[in-house]
Amino acid sequence: MAITADRHTTIRVLLFASYAERLGRELLELSVPPDTTVGQVLELVREMPGGDQLPRHPLCALNLAHVGSDARVGPGDELAILPPLAGG
Amino acid sequence: MAITADRHTTIRVLLFASYAERLGRELLELSVPPDTTVGQVLELVREMPGGDQLPRHPLCALNLAHVGSDARVGPGDELAILPPLAGG
Amino acid sequence: MPYLTDQPIDPSALLQSVESAERGGLACFFGVVRNHHAGRAVLRLEYSAYGAMAEAECARIVAETLARWPVAVALRHRVGRLEIGDTAVGIAVAAAHRDAAFAACRHVIEEVKRRVPIWKRELYADGTEEWVDPTRAGSGAEGQRGSEAAAGAGA
Amino acid sequence: MPYLTDQPIDPSALLQSVESAERGGLACFFGVVRNHHAGRAVLRLEYSAYGAMAEAECARIVAETLARWPVAVALRHRVGRLEIGDTAVGIAVAAAHRDAAFAACRHVIEEVKRRVPIWKRELYADGTEEWVDPTRAGSGAEGQRGSEAAAGAGA
C-alpha cells in the first residue's frame, strides 16, 4: 500500500472539564496530513469556535500518555487536551 | 534549716527490662551526699551485685526526663537507668 | 486493579491491602475535601477524570514506585461528587524500613498531583461554581507545576 | 491523654481524631510487628515501658511538633503482648498542606524511637527470648543512635 504525501489521517481529539465547556464539545474528529505534530493539531483546534479560549501550550496526552507538542500523530490516534490537573 | 556538707540525700533508682534482670531488682533506694552527679550514682550501682553488667554510660532519666551523667541529683529524685530503647 | 472509584475510600481496607508479616512500616497519605480553598468557603465538589488515561497513569506511577523502592503500594482516587471531609485520595505504602515507606508514599502523591488527569469543580457557599486551576496564582495549591512546564511530564 | 495503651490500635479512629474540615492532608505511620528480626523468625513479642516517663516524653514530642508545624497530631504506642501483624505504634498528622503533614509525621516517629522509654522482648521460633537492642550491630534497626550518644537526648 503506497503512502503518498497528501494522504490524510483521522485522529480523535478529546476535550475535558473547562476546555470541553469552552469549545462546547468533548470530542472532535480531525483529518490531518501525515506527520502532523501535536502542536499543529492544537493550532487547528484553536481556530475552531471557542478554541481561542484555550491556552497556546496546554497539557496534551497521546494515546493515554503525556506528550510534548512536537510529538507526531498517526492514524487512529487519540489526542487529549488537558486543562490544569487538579487531582490528589 | 541549715544545710551541712555531710547531710545525705535519699533517691530512688529505677531499673528496667534487661538491666532489671541483670541486677535482679527494679528499685533501689540510695543515700548519697548532696551535689552527687548521675555519673557518681551510676558508679555506686555498678559496684552492686550484677552492676558490673551495666554499661559504663547508659541512658539515664531524672524525674521523667533524659539527662546527661553530669546532672546532679536532689532529695526525693527518681533516677531511671534505661536500657537501649526499642519502641516504635 | 481500578485506581479510580466512585465509592468512599476506606483507610483501613487500603492499609490492610499492603500489610504483610514481612513489612513492618506503613506510611500513608489521605487527601480530604476541605471547607475552604483560596479563601473561599467550599460547600462540596465534583471530581471528573479522563478515566482510561488516569488508570494508565496511576498504574505507571505505582510501577515506577515499585521499581524504585522495595515496597507494596495501594492507591485510590475518588471521582464524582464529594462532600466536605470525604477522602479524595488514599495512598498506603508498606515496607520493611520506614525510610522507604515514607519516600515512596510521598513520591506517589506528588506524581498523582502532577500527572493524573483529574479535574475538580468546586461549589462555593456564595452559589458560584468553578473549575479549580492549581496553576493560577493564589489558588492555594502547593507544588503544582504550571501547565506549560508540566507538558510531557509522563514522557 | 494516654499515649500508651494495652488495647489494639485502630487506624481509622486515630485518623478521625485529627481530621477537621480545615485540614486537607493526613499523613500517617503505623509500625507493625514483623515475623522476622535480624534474620531470626519471631513468634510474638512483649513491649514494656517506663510508663510515667513514656507518657511524659510522648507529650513533649507532640508539644514540640505542634510548636514547629501547624498540624494536629495523634500518637499511640501499644504495650504488653503483641502478635505478628499487630500495630505497635500509630501516628496520624493532619495539616492544611501535605509538606507539613509528612514532615511532622516523620519527626514524631523518629523522636518516639529515639526518646520514649519502651523495651521489646522477642520470642523466637527456636524457643529463645531476647531483649531487643537496636544499638547492637546487625540488629536490623534503622536510625537508632548508640546508647552512649543518646544520653541526654531529651535535654
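Numbers restart at 1 for each chain; the letters A, B, ... are given by sequence-line order, proteins then strands. Owing to the predicted nature of the structure, the values given are computational and were not obtained by experimental measurement.
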* **Tyr50(D) portion near chain B, given a 4.5 angstrom heavy-atom threshold** => both
* To do: Anything in residues 116-131 of chain D with a heavy-atom distance to chain B below 4.5 Å? Please list those residues in order.
  => Val116(D), Pro117(D), Ile118(D), Trp119(D), Lys120(D), Arg121(D), Trp131(D)
* **Side chain, backbone, both or neither of Leu62(B) within contact of chain D (heavy atoms, under 4.5 Å)** => neither
* **Nearest-0.5 Å distance that lies between atom CG in Leu82(B) and atom CE in Met53(D)** => 5.5 Å
* Interatomic spacing from CG in Leu59(B) to CZ in Arg114(D) - rounded to 0.5 Å -> 10.5 Å
* To do: Tell me the residues of residues 24-32 of chain B whose non-hydrogen atoms fall below 4.5 Å from those of chain D, in number order.
  => none
* Asked: Nearest heavy-atom pair of Ala52(D) and Leu64(B): which atoms, and what distance?
  -> CB-CD2, 3.9 Å
* To do: Give a yes or no answer on whether the side chain of His77(D) reaches the backbone of Gly87(B) with a donor-acceptor pair at less than 3.5 Å.
  => no
* To do: Please name the pair of heavy atoms, one in Val89(D) and one in Gly88(B), separated by the smallest distance, quoted to 0.1 Å.
  => CG1-C, 3.6 Å
